[in-house]
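See structure below.
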Amino acid sequence: MSRRGFDIAFYAPMKPPDHPMPSGDRRIARMLIAALETAGHRVSLASRLRSWDGAGDPEVQRGFDAAGAAEAARLRAAWRDSGAQPDLWFTYHLYYKAADWIGPRVAAALNIPYVVAEASVAYKRAGGPWDRGHRQTLAALDQAARVITLNPKDAERLPDPEKTRMLAPFLDAARFAQPREARNAPPVLVATAMMRPGDKLASYRLLAEALLQVADLDWSLLILGDGPARGAVETAFAALGGRVEFRGTVGEAALPEILAGCDLCVWPAINEAYGMALLEAEAAGLPVVAGRSLGVPAVVAEGETGLLVPPGDAAAFAQAVRALLSDPERCRRLGRAAARKVRRDHDLAAAARTLDSILQDLKGAS
């Protein structure tokens with residue numbers, strides 16, 4: 001076949017890429033679309049149906065199953081009437097709490113490849129309150145022609161290694177290439193994350209505990225993010241007083257300039273998949289101190305672009321922060337290396353080439 005891009009139906013069951021609430025999940029969905037388009041493919045958002053079940057309710061999952069069947073029928077009818085069906089279905093972020101009830105049905109009915117990016121499997125959910133979502137996820141992965149993963153830890157648990165393809169976490173590095181000038185002011189630490197109960201709140205609390213242990217040094221902390229746990233986060237940092245500025249949620253357009261005014265990214269990353277905020281900080285030339293959780297080492301290179309510590313260890317985190325704040329030249333050196341590494345290994349252009357290779361391989365096999 002001649003080289004031609006795919007017409008791709010894109011779907012994100014957890015949160016559509018145009019959802020009004022900012023999040024790392026939404027950023028990654030948008031970046032995947034940008035990479036696919038950069039590679040010459042034509043991408044359309046197939047559906048905004050959310051199948052998120054955070055509580056584990058079998059009735060909710062049954063409802064999503066029925067809604068997915070209806071949505072799949074609607075899409076098939078619309079494409080039949082228009083005479084312009086997609087060449088490929090692409091689902092982003094698939095797991096037991098956000099199963100794909102639409103894509104497998106559409107892909108089977110239209111006889112087109114079904115591709116998944118960022119899937120994870122939790123076998124312990126079998127037979128439990130998320131059993132229906134778990135089984136649907138396994139069925140979708142069984143049908144998938146390719147499963148693209150950005151997290152090496154997820155890849156270890158996927159059922160069919162032959163289908164699995166790695167894609168390094170990525171962003172548009174050029175957006176973060178802001179000038180960085182030497183500053184005489186005290187260093188500014190930055191943490192970027194939503195404020196919600198669970199792992200995010202636990203990370204904020206550990207960060208506050210760690211920073212209290214380096215309160216003898218001169219620094220300030222800028223926190224970017226908001227959410228339902230903001231009160232608890234503010235309480236955690238109360239003892240640090242005016243050293244901490246809560247900026248709230250900032251738009252994607254403003255982020256590069258804000259990061260350019262900071263010196264060190266700090267985030268405990270408890271149970272973090274890999275952390276887009278860490279990658280954004282590195283792209284802006286900031287070194288990172290983070291917990292060595294899950295896929296974080298795929299983003300932060302220990303000793304090259306930052307320092308990684310055992311997850312949940314506040315004392316080790318404080319020691320790593322102290323080491324970099326006490327050695328400004330090392331801090332700057334790691335930051336410069338971080339920006340170079342992002343441009344080399346985690347840029348949009350590299351991701352576009354990788355994704356295109358995966359899809360063109362499918363085309364060659366058809």
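Qualifying salt bridge (Lys or Arg N to Asp or Glu O under 4.0 Å) partners for Arg175, counting only residues two or more places apart in sequence or in other chains: none. Looking at residues two or more places apart in sequence or on another chain, you find no salt bridge (Lys or Arg N to Asp or Glu O under 4.0 Å) involving Asp81. Scored by the salt bridge (Lys or Arg N to Asp or Glu O under 4.0 Å) test, Arg292 finds no partners at all (sequence neighbours excluded).
Atoms OH and CG, on Tyr92 and Leu150 in that order, are 7.5 Å from each other to the nearest 0.5 Å. Going from atom CZ of Phe10 over to atom CG of Leu32 covers 5.5 Å, rounded to the nearest 0.5 Å. Rounding to the nearest 0.5 Å gives a distance of 6.5 Å between CZ of Arg74 and OG of Ser47. Atom CG in Leu240 sits 4.5 Å away from atom CG in Leu212 (nearest 0.5 Å). Residue Phe90 holds its CZ atom at 4.5 Å from CD1 of Ile148, rounded to the nearest 0.5 Å. The OG1 atom of Thr38 sits 11.5 Å away from the CD1 atom of Ile33 when rounded to the nearest 0.5 Å.
Hydrophobic clustering (ILVMFWY, side-chain heavy atoms < 4.5 Å, transitive): Trp89 and Leu138 are in one cluster. Hydrophobic clustering (ILVMFWY, side-chain heavy atoms < 4.5 Å, transitive): Phe176 and Val288 are in one cluster. A continuous path of ILVMFWY side-chain contacts below 4.5 Å connects Leu49 to Tyr114, so both sit in one hydrophobic cluster. Note: the hydrophobic cluster containing Tyr204 also contains Val188 (ILVMFWY, side chain heavy atoms under 4.5 Å, direct or indirect links). A continuous path of Ile, Leu, Val, Met, Phe, Trp and Tyr side chains, each step under 4.5 Å between heavy atoms, connects Val342 with Val190, placing both in one hydrophobic cluster.
Glu234 and Arg230 are joined by a salt bridge, as a carboxylate oxygen and a charged side-chain nitrogen come within less than 4.0 angstrom of each other. Comment: Glu37 does not engage Arg30 in a salt bridge, judged by the lack of any side-chain N to carboxylate O separation of less than 4.0 angstrom. The existence of a salt bridge linking Asp142 and Arg135 is excluded, since no basic side-chain nitrogen approaches an acidic carboxylate oxygen closer than 4.0 Å. The pair Asp361-Arg146 meets the salt-bridge criterion, with a side-chain N (NZ, NE, NH1 or NH2) lying under 4.0 Å from an Asp/Glu carboxylate O.
A donor-acceptor pair under 3.5 Å is absent between the side-chain atoms of Arg343 and the main chain of Ala177, judged by distance alone. Arg243 places a side-chain N or O within 3.5 Å of a backbone atom of Ala215 that can act as its donor or acceptor partner. Side-chain N or O atoms of Ser293 include one that pairs as donor or acceptor with a backbone N or O of Ala269 at under 3.5 Å. A donor-acceptor distance shorter than 3.5 angstrom exists from the side chain of His41 to the backbone of Phe6, with no hydrogens or angles considered. Side-chain atoms of Thr192 do not come within 3.5 Å of backbone N or O of Leu224 as any donor-acceptor pair. In terms of modelled atom types and a separation under 3.5 Å, the side chain of Glu272 and the main chain of Leu294 share no donor-acceptor contact. A donor-acceptor contact shorter than 3.5 Å links the side chain of Ser51 to the backbone of Ala99. Distance alone, capped at 3.5 Å, is enough to place a donor-acceptor pair between the Arg165 side chain and the Glu162 backbone. Here the side chain of Gln143 pairs a donor or acceptor atom with the backbone of Pro104 at under 3.5 angstrom. Remark: the backbone N or O of Ala29 is not paired with any side-chain donor or acceptor of Lys15 at under 3.5 angstrom.
Side-chain atoms of Leu171 and His346, non-hydrogen and from C-beta on, never get closer than 4.5 Å to each other. Side-chain contact check for Leu141 versus Asp160: every heavy-atom pair is 4.5 Å or farther apart. Counting heavy atoms from C-beta outward, Arg247 and Ile258 have side chains that approach closer than 4.5 Å. Within the 4.5 Å cutoff, side-chain heavy atoms of Met166 are placed close to those of Thr149. Contact annotation: the side chain of Met14 never approaches that of Glu118 to less than 4.5 Å [non-hydrogen atoms, C-beta and beyond]. Considering only heavy atoms from C-beta on, Leu359 comes within 4.5 Å of Leu36 through its side chain. You'll find the side chain of Pro16 reaches within 4.5 Å of the side chain of Arg50, heavy atoms only.
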* Go through Ile223 and Met195 one step at a time and tell me if the side chain to side chain contact (heavy atoms under 4.5 Å, CB included) criterion holds. => CA-CA 10 Å; Ile223 294 180; Met195 299 177 181; 3.6 Å; yes
Handout entry: From CA spacing to verdict: side chain to side chain contact (heavy atoms under 4.5 Å, CB included), Phe246, Val233
Key = CA-CA 10 Å; Phe246 291 88; Val233 173; 3.8 Å; yes
Check against salt bridge (charged side-chain N to carboxylate O under 4.0 Å, His left out), Arg62 and Asp53: CA-CA 11 Å; Arg62 188 172 291 109; Asp53 174 23; over 6 Å; no
Could you check Gln136 against Asp100 for side chain to side chain contact (heavy atoms under 4.5 Å, CB included), going step by step and ending with a plain yes or no?
-> CA-CA 7 Å; Gln136 177 64 16; Asp100 183 0; 5.5 Å; no
Notebook entry, point to check: Run the side chain to side chain contact (heavy atoms under 4.5 Å, CB included) check on Asp87 and Ile112 step by step: do they pass?
Noted result: CA-CA 6 Å; Asp87 301 311; Ile112 60 175; 5.8 Å; no
* Can Asp327 and Arg333 be said to form a salt bridge (charged side-chain N to carboxylate O under 4.0 Å, His left out), step by step? -> CA-CA 10 Å; Asp327 190 346; Arg333 186 171 66 250; 5.5 Å; no
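Contact detail for Leu355 and Ala35: the closest heavy-atom pair is CD1-CB, 3.6 Å. Residue Phe317 comes nearest to Ala210 through the heavy atom pair CD2-CB, 3.8 Å, listed as atom of the first residue, atom of the second, then distance. Taking every heavy atom of both residues into account, Tyr95 and Ser120 meet most closely at CB-OG, 3.3 Å. A pairwise comparison of heavy atoms in Val121 and Pro159 identifies CG2-CD, 4.1 Å as the closest pair. Ala119 and Leu158 make their closest contact through O-CD2, 3.6 Å (heavy atoms, listed as atom of the first residue, atom of the second, distance). Between Ile270 and Ser203, the shortest heavy-atom distance links the atoms N-OG, 3.0 Å.
When the options Leu222, Leu189, Leu221 are evaluated for a side chain to side chain contact (heavy atoms under 4.5 Å, CB included) with Val244, the one that passes is Leu221. If you run side chain to side chain contact (heavy atoms under 4.5 Å, CB included) between Pro287 and each of Leu334, Val266, Asp263, only Leu334 comes through.
Through direct or relayed side-chain contacts under 4.5 Å between Ile, Leu, Val, Met, Phe, Trp and Tyr, Phe64 connects to Val60, Trp101. Other residues sharing the hydrophobic cluster of Met21, ordered by chain and number and joined by side-chain separations under 4.5 Å: Met194.
In this structure, Arg48 places its CZ atom where only 12 or fewer heavy-atom neighbours from other residues, nucleotides or ligands lie under 6.0 Å away.
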What pairs of donor and acceptor atoms, side-chain ones from residues 300-309 against any protein atom, are under 3.5 angstrom apart with sequence neighbours left out?
from	atom 1	to	atom 2	distance (Å)
Glu302	OE1	Leu308	N	2.5
Thr305	OG1	Glu282	OE2	2.6
Thr305	OG1	Ala301	N	3.0

